[in-house]
Visitor: 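Please find one structure pasted underneath; my questions will follow.
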Amino acid sequence: MTADLSQIVKAYDVRGVVPDQWDESLAALFGAAFAEVTDARAIVVGHDMRPSSPGLTRAFARGAAERGVDVTEIGLCSTDQLYYASGALGLPGAMFTASHNPARYNGIKMCRAGAAPVGQDTGLAEIRALVERWLESGAPEPAAVPGTLTARDTLEDYAAYLRSLVDLTEIRPLKVVVDAGNGMGGHTVPTVLAGLPLTVVPMYFELDGTFPNHEANPLDPANIVDLRKRVVQEGADLGLAFDGDADRCFVVDENGDPVSPSAITALVAVRELARNGGSGTVIHNLITSRTVPEVVRENGGTPVRTRVGHSFIKAEMARSGAIFGGEHSAHYYFKDFWNADTGMLAALHTLAALGGQDGPLSALVAAYDRYAGSGEINSTVADQAGRLAAIRAAYADRPGVTLDDLDGLTVSTADWWFNVRPSNTEPLLRLNAEARDEATMEKIRDEALALIRA
């Protein structure tokens, strides 16, 4: 096909509409390019429940096999299950998913052996360049001896590995509502939670890549309305919501109220620090709550602040030897999981923390929710650089104000902070604000929005 790869090769992955922007013939070229750039003798591939996923995955595998690479096909899986396979088998991997995007989209998340990320600066640009060359000059010559295609089921091994990292055998019985959003959580949750002292109330566990009930994006409050109601109706101890490829997990307390991913980051950090003798580095991105670095220090750890985005978190995890990392988007990264993100492991930690004491989840997380936050607010802006410059000018000379440029612009004082950063793919500025109380947060939020939208 004729394809504009600039439209589908993003900063961290490949993603676009099927078959308008890419199809199986292009997937085969990506498979060949992935094999060449990783210099692999063998790879592992898996896919989500989207209608286009099996065909795209098989084409990618065929493209790699024609280059002489042996391919292990693990079939239906969550993204963190693919990372598990990459880590446990020591193979580069490719996961076919478009996460929470609508049904007509699909994509590829790629990693090197040990789940090390493949992004724009770590191989994705080279993969794109190879595919573009082959689109112009013809497909590469096949290897003299083609590779093999072998099916392998890793679900039980993945579940057993996660349970080996968190002991749930002695917790009190809990009732948990799980909303899989017709995504891959419906495939992994029954196996991971089997045999534990849990009563699981399933919601939308049927695998359906058309997402008939709601988008599989729990970051949007509209998509956890059903879960919040069901938790209260069932008198459950908590609710869990997974996104489409089940690598992110959101938590709802016994009252049906969402628990901030920053609070979950702090809760898991405490547990991971305790597992590591009361010390260690914990990564957090710059839009997580100030609660996170405070709690990390209080529990003997060293907090390290990074840019937003999994490639930055994973790179800093590897550089610093961090034991854990969390993002306010509900991605959670673990040293014991090859520095990769797994929402399922964060869910197990939450269940273990709740079940290991007698109080409700709302009381447990209250200690980790110390500030008032705005959540992320997006504004369509034609001149991103101009608006950022206007914000800088407005705050540059105010006493007690600090500015930093780690990711966009962060403006902070002892009592509040806000961050404004541009989207990589859309004409948007993203605002996150936090303060010691709701009234101050609202004042700072509205000031920043007035400048952004002027």
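All residue numbers in this chain count up from 1 along the given sequence. In what follows, every heavy atom counts, from backbone to side chain, and hydrogens, waters and symmetry copies are set aside.
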Visitor: Run the salt bridge (charged side-chain N to carboxylate O under 4.0 Å, His left out) test on Arg104 and Asp20 for me, step by step, so that the C-alpha distance in whole Å, both residues' side-chain angles and the decisive distance to 0.1 Å come before the verdict.
Guide: CA-CA 9 Å; Arg104 65 186 187 279; Asp20 303 30; over 6 Å; no
Visitor: To the nearest 0.5 Å, how far apart are OG in Ser52 and CG in Asn106?
Guide: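 The OG atom of Ser52 sits 3.5 Å away from the CG atom of Asn106.
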Visitor: Flag the pair Glu254 and Lys175 as a salt bridge only when some basic side-chain nitrogen lies within less than 4.0 angstrom of an acidic carboxylate oxygen.
Guide: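 Looking at Glu254 and Lys175, the cut-off is not met.
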Visitor: Any side-chain heavy-atom pair from Ile287 and Glu376 closer than 4.5 angstrom?
Guide: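 Yes. Closest side-chain heavy atoms under 4.5 Å.
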Visitor: Can you tell me how far the CD atom of Glu294 sits from the CD atom of Glu298, to the nearest 0.5 Å?
Guide: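 Here the interatomic distance stands at 6.5 Å.
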Visitor: Is there side-chain contact between Leu238 and Pro360, with at least one heavy-atom pair below 4.5 Å?
Guide: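 Result no, sub-4.5 Å side-chain heavy-atom pair not found.
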Visitor: Go through the side-chain N and O atoms of Thr154 and Gln81 and say whether any donor and acceptor fall under 3.5 Å apart.
Guide: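 Side chains of Thr154 and Gln81: pair found under 3.5 Å.
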Visitor: Could you measure the distance from the CG atom of Leu155 to the CG atom of Leu76? Nearest 0.5 Å is fine.
Guide: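 These two atoms lie 10.0 Å from each other.
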Visitor: Here's a test for you: under side chain to side chain contact (heavy atoms under 4.5 Å, CB included), which of Ile8, Val9, Asn101 qualifies with Arg15?
Guide: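 Exactly one pass, corresponding to Asn101.
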Visitor: Holding to side-chain contact (heavy atoms from CB on, under 4.5 Å), I want the full list of residues that pass it with Phe211, two or more places apart in sequence or in another chain.
Guide: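 For Phe211, the residues satisfying side-chain contact (heavy atoms from CB on, under 4.5 Å) (neighbours in sequence not counted) are Met49, Arg50, Ala216.
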Visitor: Would you call Glu73 and Arg152 a salt bridge, using N to O less than 4.0 angstrom?
Guide: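 A salt bridge is absent here (no side-chain N lies under 4.0 Å from a carboxylate O).
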Visitor: Under 3.5 Å, is there a donor-acceptor pair between the Thr410 and Asn419 side chains?
Guide: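 Yes.
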Visitor: Test Trp22 against every option in Val17, Leu5, Ile108 by the side chain to side chain contact (heavy atoms under 4.5 Å, CB included) rule and name the one that passes.
Guide: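 Of the listed residues Val17, Leu5, Ile108, the side chain to side chain contact (heavy atoms under 4.5 Å, CB included) partner of Trp22 is Ile108.
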Visitor: Hydrogens and angles aside, do Glu434 and Ser374 bring a side-chain donor and acceptor to less than 3.5 Å of each other?
Guide: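 Looking only at side-chain atoms, Ser374 and Glu434 do not form any donor-acceptor pair under 3.5 Å.
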Visitor: Flag the pair Glu126 and Arg133 as a salt bridge only when some basic side-chain nitrogen lies within less than 4.0 angstrom of an acidic carboxylate oxygen.
Guide: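 Here Glu126 does not pair with Arg133 in a salt bridge, since their nearest N and O are not under 4.0 Å apart.
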Visitor: What's the separation between atom CG in Asp157 and atom OG1 in Thr191, rounded to the nearest 0.5 Å?
Guide: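 That separation rounds to 11.5 Å.
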Visitor: Could you tell me whether the side chain of Arg430 reaches within less than 4.5 Å of the side chain of Ser423, counting heavy atoms only?
Guide: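 When only atoms from C-beta onward are counted, Arg430 and Ser423 do touch, with a gap below 4.5 Å.
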Visitor: When you measure from the centre of the six-membered ring of Tyr83, is the NZ or CZ of Lys314 closer than 6.0 Å and no more than 45° off the axis?
Guide: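 Output yes; distance and angle both within limits.
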Visitor: Would you call the rings of Phe312 and Tyr12 parallel, tilted or perpendicular if under 30° counts as parallel and over 60° as perpendicular?
Guide: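 Correct class here is perpendicular.
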Visitor: Is it the case that the side chains of Arg370 and Ser289 hold a donor-acceptor pair, with the cut-off being a distance below 3.5 Å and no angle test?
Guide: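 No donor-acceptor contact under 3.5 Å links the two side chains.
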Visitor: Applying salt bridge (Lys or Arg N to Asp or Glu O under 4.0 Å) between Asp404 and each of Arg305, Arg307, Arg421, report the one that passes.
Guide: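 Of Arg305, Arg307, Arg421, salt bridge (Lys or Arg N to Asp or Glu O under 4.0 Å) with Asp404 is met by Arg305 alone.
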Visitor: Quick one: side-chain hydrogen bond (donor to acceptor under 3.5 Å, both in side chains) pairs with a partner in residues 214-225, sequence neighbours left out?
Guide: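 Every pair satisfying side-chain hydrogen bond (donor to acceptor under 3.5 Å, both in side chains) with a residue in residues 214-225: Asp179-His214, Asn217-Arg248.
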Visitor: Go through the structure and list residues passing ring-ring contact (aromatic ring centres under 6.0 Å, His included) with His349, not counting sequence neighbours.
Guide: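 Applying ring-ring contact (aromatic ring centres under 6.0 Å, His included) to His349 gives Phe334.
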Visitor: Side chains of Leu354 and Thr350, heavy atoms from C-beta outward: is any pair under 4.5 Å?
Guide: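 They are not in side-chain contact.
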Visitor: Going by an N to O cut-off under 4.0 Å, is there a salt bridge joining Asp257 and Arg228?
Guide: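 The answer is yes: the pair qualifies as a salt bridge.
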Visitor: Taking side chain as C-beta onward, heavy atoms only, is Glu132 less than 4.5 Å from Asp4?
Guide: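 Heavy-atom side-chain distance check fails, nothing below 4.5 Å.
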Visitor: Are any of the side-chain heavy atoms of Pro303 and Val282 separated by less than 4.5 Å?
Guide: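 No, every pair of side-chain atoms sits at 4.5 Å or beyond.
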Visitor: Going by atom types only, do Ser262 and His328 share a side-chain donor-acceptor pair under 3.5 Å?
Guide: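 Ser262 vs His328: donor-acceptor pair found between side chains.
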Visitor: Do Asn285 and Thr306 meet the criterion of a side-chain donor-acceptor pair at a distance under 3.5 Å?
Guide: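 Thr306 and Asn285 do not have a side-chain donor-acceptor pair below 3.5 Å.
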Visitor: Any luck finding a side-chain donor-acceptor pair between Asp247 and Thr79 under 3.5 Å?
Guide: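 Note: Asp247 and Thr79 side chains miss the donor-acceptor criterion.
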Visitor: Hey, are Ser78 and Asp245 close enough side-chain-wise for a donor-acceptor pair under 3.5 Å?
Guide: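 Judged by distance alone, the side chains do not pair up.
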Visitor: For Asn182 and Asn213, which I'm curious about, is there any donor-acceptor pair between the side chains at under 3.5 Å?
Guide: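 Indeed, the side chains of Asn182 and Asn213 share at least one donor-acceptor pair under 3.5 Å.
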Visitor: Does one side chain, of Glu327 or Tyr333, offer a donor that lies under 3.5 Å from an acceptor on the other?
Guide: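 Yes - a donor-acceptor pair under 3.5 Å links their side chains.
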Visitor: In the structure I gave you, are the side-chain heavy atoms of Tyr84 and Thr342 within less than 4.5 Å of one another anywhere?
Guide: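 Answer no - side chains too far apart.
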Visitor: Could you measure the distance from the CG atom of Leu345 to the CZ atom of Arg163? Nearest 0.5 Å is fine.
Guide: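 Here the interatomic distance stands at 12.5 Å.
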Visitor: Going from OG on Ser320 to NZ on Lys335, what distance comes out if it is rounded to the nearest 0.5 angstrom?
Guide: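 Answer for the OG-NZ pair, Ser320 versus Lys335, is 9.0 Å.
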Visitor: Could you check whether atom CG of Asp358 has more than 12 heavy atoms from other residues, nucleotides or ligands sitting under 6.0 Å from it?
Guide: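 Not more than 12 within 6.0 Å, no.
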